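Since the structure comes first, as structure tokens, the remarks are kept for the end.
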Amino acid sequence: MSRVLIVGAGLTGSLCACLLRRELANNVHIVLWDKARGAGGRMATSRSTNDSVCTADLGAQYITATPYYFQKHQSFYEELLTHNILKPLTATVEGMLIKEEGSLNFVSPCGVSSIVRHYLKESAAEVFYNYHVTHINLKNNKWEVYRKGSILEYFDAVVLTMPVPQILHLQGNFLQLIDETQKLKLEAGSYSSRYALGLFYKAGVQIDVPWAVKYITNNPCIRFISIDNKKRNLDLSSAEPAVVVHTSVSFGAEHLEKAKEDVEPLILEELEKVLPGLPKPSSTKCQKWRYSQVTQPVQDCPGQMTLHEEPLLVCGGDGFTHSSFDGCIKSALRVLEVLKSNL
């Protein structure tokens, strides 16, 4: 039985684990590591520090399916809709640009991280959080993988699903096995950066706006605002409200190297201009997304790049497709093909 390590508990990593279990259940032992404290990656749902019932999506907000992808990935959508993990987005959205005529929008009532948690549960993988990979070495035809604390384990195959720059920041002799053409392609991949700010409130607080989601075009800092309980179609009389703010890409780039504690007051100052009189929250959480959305995917490597064949080392994720639910499905399917042909 092959011991397979998947690095990254985001959408691509969790879906890879799920598909691998369904296709090769008797041939693989799946282990998943993530450096964060919980599942989700950029599909993160955060909780208020004062009230665990009050949650907000600080990464992806909702899923848009074009007619092409809704048909191509129909089984994935049907599974999540059947389990009530996805529901149609019916709340009022102001300023949304329609990607394509006939596109459908879906929201996750329990937060977008519930999609990732569903796939992790289906995978039956051994999942470990606060496991930060630092080195990968080829030794005796296995991968010797170190995590922080100089603790190592051995695997027959490794799948890397973190943002591409983080792959290049890893240490170990695996880097010597990547040819120069592959390195150049990986280095050319790029991402936008932005900040997200969650404002959490106690039950009964009213956020008096006529919309659930609004795109902002006339502010240098703020690009997007969501009233998360309204976005998810929750019972407004009992739900603890949360407001989510995403900054513009230009603001994110300008303040990328600053501490979150220094950036949060700047966002709140601009938010007051956009929503004057907004109630004071009971708690807040500021999230820096250094790798927010792919602006330039790795070229000529649709869905994945195989760095080494025996033993297998493959990388995938939206950096090899595009930053969307369907982009991650596309990558996970390509990684699965490689795993099935090599294991």
Side-chain angles (χ1 to χ4, degrees), residues 4 6-25 28 30 32 34 39-45 57 59-89 99-100 102-108 110-125 127 159-164 189 191 291-295 297-298 300-306 314-341:
V4 179
I6 298 174
V7 182
L11 180 54
T12 304
S14 63
L15 187 50
C16 279
C18 175
L19 295 175
L20 189 58
R21 172 65 61 189
R22 291 174 179 177
E23 294 281 341
L24 297 173
V28 293
I30 306 168
L32 193 146
D34 196 286
R42 281 168 286 159
M43 298 190 80
T45 303
D57 295 324
Q61 293 294 307
Y62 55 86
I63 289 171
T64 298
T66 63
Y68 169 78
Y69 276 121
F70 189 68
Q71 181 178 15
K72 185 176 179 64
H73 296 153
Q74 184 176 2
S75 63
F76 295 93
Y77 284 101
E78 286 182 349
E79 177 180 343
L80 296 176
L81 288 165
T82 299
H83 287 83
N84 293 318
I85 295 169
L86 285 185
K87 289 187 176 182
L89 172 60
K99 289 186 176 181
E100 185 178 325
S103 293
L104 301 171
N105 296 305
F106 300 97
V107 69
S108 189
C110 295
V112 291
S113 67
S114 64
I115 300 172
V116 173
R117 293 197 302 271
H118 169 76
Y119 289 133
L120 290 176
K121 182 179 179 180
E122 289 291 305
S123 76
V127 182
V159 179
L160 304 174
T161 68
M162 65 272 257
V164 174
Y191 295 73
Y291 307 112
S292 175
Q293 290 182 303
V294 175
T295 54
V298 177
D300 306 319
C301 300
Q304 63 86 33
M305 176 185 283
T306 300
V314 59
C315 46
D318 62 346
F320 299 87
T321 52
H322 45 88
S323 292
S324 70
F325 178 67
D326 292 291
C328 292
I329 293 176
K330 183 177 178 180
S331 176
L333 289 171
R334 288 289 293 117
V335 171
L336 177 66
E337 289 178 15
V338 175
L339 288 167
K340 287 173 64 177
S341 64

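As the structure is a computational prediction, the values presented were derived from the model and not from experiment.
In terms of heavy-atom proximity, Ala17 sits nearest to Leu32 at CB-CD1, 4.3 Å. Considering every non-hydrogen atom in both Thr12 and Asp318, the closest pair reads OG1-N, 4.2 Å. Of all heavy-atom pairs between Gly111 and Ser114, the closest is O-OG, 2.6 Å. Heavy atoms only, all atoms of each residue included: Thr64 and Ser103 are closest at CG2-CB, 4.1 Å. When every heavy atom of Cys328 is checked against every heavy atom of Leu11, the shortest pair comes out as CB-CD2, 3.6 Å. Minimum heavy-atom separation, Ser323 to Val294: OG-N, 2.8 Å.
A salt bridge is absent between Lys72 and Asp326: the closest approach of a Lys/Arg side-chain nitrogen to an acidic carboxylate oxygen does not fall below 4.0 angstrom. Taking a cutoff of 4.0 Å between a charged side-chain nitrogen and a carboxylate oxygen, Glu337 and Lys340 do not qualify as a salt bridge.
Between the side chains of Ser331 and Thr321, no donor-acceptor pair is found at a separation under 3.5 Å. Of the N and O atoms on the side chains of Ser113 and Thr45, at least one donor lies less than 3.5 Å from an acceptor on the other residue.
Glu122 pairs with exactly one of Arg117, Arg22, His83 by the side-chain hydrogen bond (donor to acceptor under 3.5 Å, both in side chains) rule, that one being Arg22.
Taking 4.5 Å as the limit, every side-chain heavy atom of Thr161 sits out of range of all side-chain heavy atoms of Val7. Considering only heavy atoms from C-beta on, Asn105 stays 4.5 Å or farther from Ile63 through its side chain. Considering only heavy atoms from C-beta on, Phe320 stays 4.5 Å or farther from Pro297 through its side chain. By the 4.5 Å heavy-atom criterion applied to side chains, Leu15 and Ile115 are not counted as neighbours. At least one side-chain heavy atom of Leu336 sits less than 4.5 Å from a side-chain heavy atom of Leu20. In this structure, Ser108 and Ile85 have side chains that are in contact, with non-hydrogen atoms separated by less than 4.5 Å.
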Inset, instruction - Given side chain to side chain contact (heavy atoms under 4.5 Å, CB included), test Phe325 with Val112 step by step and report yes or no. - result: CA-CA 11 Å; Phe325 178 67; Val112 291; over 6 Å; no

Inset, instruction - Decide yes or no on side chain to side chain contact (heavy atoms under 4.5 Å, CB included) for His118 and Leu80, but give the supporting numbers first. - result: CA-CA 9 Å; His118 169 76; Leu80 296 176; 3.8 Å; yes

Inset, instruction - Go through Leu86 and Val107 one step at a time and tell me if the side chain to side chain contact (heavy atoms under 4.5 Å, CB included) criterion holds. - result: CA-CA 6 Å; Leu86 285 185; Val107 69; over 6 Å; no

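Checked against ring-ring contact (aromatic ring centres under 6.0 Å, His included), Tyr69 has the following partners two or more places apart in sequence or in another chain: His73, His322.
Going from atom SG of Cys110 over to atom CG of Asn84 covers 9.0 Å, rounded to the nearest 0.5 Å. Interatomic distance, Ile329 CD1 to Cys16 SG, rounded to the nearest 0.5 Å: 11.5 Å. Taken to the nearest 0.5 Å, the CD atom of Gln71 stands 10.0 Å off from the OG1 atom of Thr66.
By the 30° and 60° cut-offs, the orientation of the rings of Tyr291 relative to Tyr191 is perpendicular.
With ring centers used as reference points, Tyr77 lies under 6.0 Å from Phe70.
Judged by distance alone, with hydrogens and angles left aside, the side-chain atoms of Gln304 form a donor-acceptor pair with the main-chain N or O of Thr306 at under 3.5 Å. Counting only distance, with no hydrogens or angles, the side chain of Arg21 and the backbone of Ala125 share no donor-acceptor pair below 3.5 Å. Using a distance-only test at 3.5 Å, with no hydrogens or angles considered, no donor-acceptor pair links the side chain of Arg42 to the main chain of Ala60.
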